[in-house]
Protein chains: 4
Amino acid sequence: DLPLAFILGPCVIESRDHALKTARFLAELGERRGIPLIYKSSFDKANRTSANSFRGIGMDEALRIFEAVKAETGLAVTTDVHEREQCAAVAEVVDILQIPAFLSRQTDLLVAAAETGRVVNVKKGQFLAPWDMKNVAKKLDSAGASGVLLTERGTSFGYNTLVVDMRGLPIMAESGKPVIFDATHSVQQPGGRGDSSGGERQYAPVLARAAVAVGVAGVFIETHEDPDNAPSDGANMIPLTEIDGLVAELMALDAIAKGRGSGR
Amino acid sequence: DLPLAFILGPCVIESRDHALKTARFLAELGERRGIPLIYKSSFDKANRTSANSFRGIGMDEALRIFEAVKAETGLAVTTDVHEREQCAAVAEVVDILQIPAFLSRQTDLLVAAAETGRVVNVKKGQFLAPWDMKNVAKKLDSAGASGVLLTERGTSFGYNTLVVDMRGLPIMAESGKPVIFDATHSVQQPGGRGDSSGGERQYAPVLARAAVAVGVAGVFIETHEDPDNAPSDGANMIPLTEIDGLVAELMALDAIAKGRGSGR
Amino acid sequence: DLPLAFILGPCVIESRDHALKTARFLAELGERRGIPLIYKSSFDKANRTSANSFRGIGMDEALRIFEAVKAETGLAVTTDVHEREQCAAVAEVVDILQIPAFLSRQTDLLVAAAETGRVVNVKKGQFLAPWDMKNVAKKLDSAGASGVLLTERGTSFGYNTLVVDMRGLPIMAESGKPVIFDATHSVQQPGGRGDSSGGERQYAPVLARAAVAVGVAGVFIETHEDPDNAPSDGANMIPLTEIDGLVAELMALDAIAKGRGSGR
Amino acid sequence: DLPLAFILGPCVIESRDHALKTARFLAELGERRGIPLIYKSSFDKANRTSANSFRGIGMDEALRIFEAVKAETGLAVTTDVHEREQCAAVAEVVDILQIPAFLSRQTDLLVAAAETGRVVNVKKGQFLAPWDMKNVAKKLDSAGASGVLLTERGTSFGYNTLVVDMRGLPIMAESGKPVIFDATHSVQQPGGRGDSSGGERQYAPVLARAAVAVGVAGVFIETHEDPDNAPSDGANMIPLTEIDGLVAELMALDAIAKGRGSGR
């Protein structure tokens, strides 16, 4: 029953300047609010709907930027890995290795991530039931992961639509692992725009409130100063200016959910 | 942004004594907590999985019991109607007419309920999208309903399973009608036991917390002093002894959700 | 392993002339092809998406038209009933009483239909699993139905979408009842146009071919000389001019499926 | 409208002897029936539910076995690749590179497979809509694939369940690519046994018949002389002794579906 942690950042690293500016903003917010905060950004969008979409700046440049973010803001950082070979290099800089949902069943990738000695955060595949994640956690444990996080980010529901089953949060927690709720990917509409994925940004705070009231270890929210012009996932990211209010509301709900509220 | 209302009671009327005893218990709780509380119970289970299941005590006897509940406790009462012909008689006693989810598209039943002049509470069909309910509300409005409530109780998700899409709550609220969340039917497993429906009682408070944090006008929770031996829906009803703690927690979440909390 | 039966007709009775003209067309086709053929049309659309949609011509006028269709063409006829009270009157004229999918769990309606002594054809609810239909069949059997047909018409799959699980056909057949496949309602998009249901007519023959190859007792196809201008369900009805070719193809697949083909 | 092709073989390579024995059996069958036949087997099960499940014999040994199968039977062969690095080596021996469903959106793997100059067969992700596959095909085309096949193997439907939407077959064919139907993985119950995936073998022929009647370029069926004792996917593989009868029936349906039948 630790206080709610926040994994925040822009979907993709756009440039050193953009990353540092966003990280500074979030670090200030985190300090002021007194919350555990991890900075998240991707260096490669390896499974875009279309081959013509922006892929990212590449791993080596990204790692230098993560070093700078850590040095300047003191924030822990996390990013996603897509291939076995990336794990060791990424783990030299990044505190938490994230496994993408589509790859949540790829044993070799899970093992390579676990063997780095870093904490591994696995997104639950859109095709998995909450109780399936205990097998994923076991794969990581038996490969020696120093820590495992399980993240809910929606389940396939008909075509081009995800639904979040809030029962999945306590079910995943039965594994003994901290459960994170990814509010922005949960409102994605995969492939929903024909050549790219759509999203319904307005429901990310709705689902975040619900998940925190149920009880989670942390929330994952992608944020950007101008989502409509972001190179990736703009449709579901939350504007940076709205993060502070959302954090405050989630903290209040978390206090109730974890029994430190005045309601009893 | 009125305070959270509660619709509470046993799934089905078992006897005059049982109804009165439960109603007295709930009335005391409601008064002590200062909450709007409506007593709910069914007189007929018209769509049981199997023809051999308990059907109920019948409408006439039920209406006498509702009169007694109202006279003795002062609670408003609600029950579900299944056929056009029942509406007028039921409306003489019952304050809110409830339309079952399977029947949420039956125009004649909706019109007959609306024409009684009572408030009508429609459960969203398991086969409907949240945005489909605006057409249901329009059918009721144009038939002169004095008030309309829309209740979420889960959506078909694969076989014998329901899922609650929390985005549906604000979507239904766009109709301008108060939205109720039915926590106990949302955890039903329709037909899940072969000859009867199963349920996962332990997730009803989970979903109730989520819905209230998102923001709803009321919650609907079926409750019984001994759910495992109840004649209907025992698998998903909440024990009467747990209602008070749940009400307190939901009130605290509601205060945050409606902006009267201390979190901002 | 009787040859494939066909239930054909316009979604709704538009007028005596229209019904007779369509019935004559279908009777000629049925005789020429040597197929069992039942004429279907509805007298009331009791669960339209919107209250403003066309409801139908009413039961009494419809029954006179069914009498004329039977007298003039010799076809058996079927229509759907929505309320207990309709069953006896409809059964005086109509050979098969059809229970709508939304009402497939309403015990009183099923019993009233069974007690007429006519064959009852129940559409599987969009919210039911194939194995749930054995309980529906038992309700009808124990009420003395002279015959029971079970019809597949799609299952809820996300929002405003149906999917047909072809495994459901043999699963429903385990009940011992003949299984019908409703090709045109299976391609409905319930509520998909906001104020009315959409449909994808082009996939009705696709699904009919699949179902017949799996093996069914009959297919149900709504047809109209001008679907785009029909008062109901135009989006999924098949043009009358395409019925003959589809019947021929389905007969050929049925012969293979039922082992009378040359493929073995 | 070429005659139906068959991709057949045991889920996983168990040994050189087992592979050759199965391939000889299938080659004889293919020649006798006059059908295009490709031999399929996996060398690595990279995404097993549990880390304790059988993984496979490894790539190098597998490639020597595929060489032997080709040399001795003359069959074309196919297998699945899981990492970019495997593509070039596998393509030296194997005629068609298969991309697993979970990896169907991994751009780098698709590109590496396409660049080998071999035909690439992509299984549609359980989380994708049929129309999403046109973007996958474009990724392969723009990377220079010499040929692209798209395979349906079911879509997520609730938890631990897949459903096949037969409309997806013509929708995928609109891409201009041949569409294959994978009958045995479509009846998998992913994670359905807790520590492993279940399956319902009895419905694989049901779905194969449906898909062939709709019209496909080929069917994919995993087969084994003793499925109940197979090291992988035993629950959904078809016994080798039943393949010949199924092939005959599918050929007869294919002839009707492709207009060479006598039904018109």
Side-chain angles (χ1 to χ4, degrees), chain A residues 4 33 127 129-131 152 154-158 161-174 181 183 186-187 189 199-216 244-264, chain B residues 4 33 127 129-131 152 154-158 161-174 181 183 186-187 189 199-216 244-264:
Chain A
L4 192 67
R33 290 283 178 190
F127 44 86
W131 43 84
E152 164 67 19
T155 304
S156 289
F157 179 65
T161 308
L162 300 171
V163 72
V164 175
D165 181 356
M166 292 291 161
R167 295 170 301 188
L169 302 172
I171 292 171
M172 289 203 286
E174 287 168 16
F181 178 66
S186 291
V187 299
Q189 296 171 313
E200 295 184 303
R201 182 192 303 157
Q202 71 272 31
Y203 297 121
V206 169
L207 295 182
R209 286 198 291 264
V212 170
V214 168
V216 288
D244 192 55
L246 181 56
V247 164
E249 192 178 17
L250 297 180
M251 289 174 71
L253 292 170
D254 184 59
I256 306 288
K258 291 179 182 157
R260 299 186 306 277
S262 55
R264 285 171 189 255
Chain B
L4 192 65
R33 290 282 178 192
F127 44 85
W131 44 84
E152 164 67 19
T155 304
S156 290
F157 179 63
T161 309
L162 299 172
V163 71
V164 175
D165 181 355
M166 293 289 162
R167 295 172 299 189
L169 302 172
I171 293 171
M172 288 203 287
E174 287 168 16
F181 177 66
S186 290
V187 299
Q189 296 170 315
E200 297 184 302
R201 183 191 304 158
Q202 71 271 32
Y203 298 121
V206 169
L207 295 182
R209 287 198 289 266
V212 170
V214 168
V216 288
D244 191 55
L246 180 56
V247 163
E249 191 176 18
L250 297 180
M251 288 173 71
L253 292 169
D254 185 60
I256 306 289
K258 293 182 180 155
R260 299 188 306 276
S262 57
R264 289 177 186 245

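Proteins get letters first, then strands, A, B, ... in listed order; numbering begins at 1 in each.
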B:A213 and B:A257: which non-hydrogen atoms are nearest, and at how many Å?
O-CB, 3.4 Å
Can you list the residues that meet the side chain to side chain donor-acceptor pair (under 3.5 Å) rule with B:T155, with sequence neighbours excluded?
B:K124
Side chains of [X] and [Y], heavy atoms from C-beta outward: is any pair under 4.5 Å?
X: B:Q189; Y: B:T161; result: no
X: A:R33; Y: A:D244; result: yes
X: B:V214; Y: B:P170; result: yes

Going by residue number, which parts of residues 201-208 of chain B are within reach of chain A, meaning a heavy-atom gap below 4.5 Å?
B:Y203, B:V206, B:L207
Between B:V247, B:V212, B:L250, B:I171, which has the largest tally of heavy atom pairs under 4.5 Å with chain A?
B:I171
What part of A:L246 gets closer than 4.5 Å to chain B, counting heavy atoms only: side chain, backbone, both or neither?
neither
So for A:S156, is it side chain, backbone, both, or neither that comes closer than 4.5 Å to the heavy atoms of chain B?
backbone
Distance, nearest 0.5 Å, that separates CE of A:M166 from CZ of A:F181:
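It comes to 4.5 Å.
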Answer with side chain, backbone, both or neither: which region of B:V163 has an atom nearer than 4.5 Å to a non-hydrogen atom of chain A?
both
Under 3.5 Å donor-acceptor, B:E152 side chain and B:G154 backbone
yes
Between A:K258 and A:V216, is there a donor-acceptor pair closer than 3.5 Å when you use the side chain of the first and the backbone of the second?
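Present.
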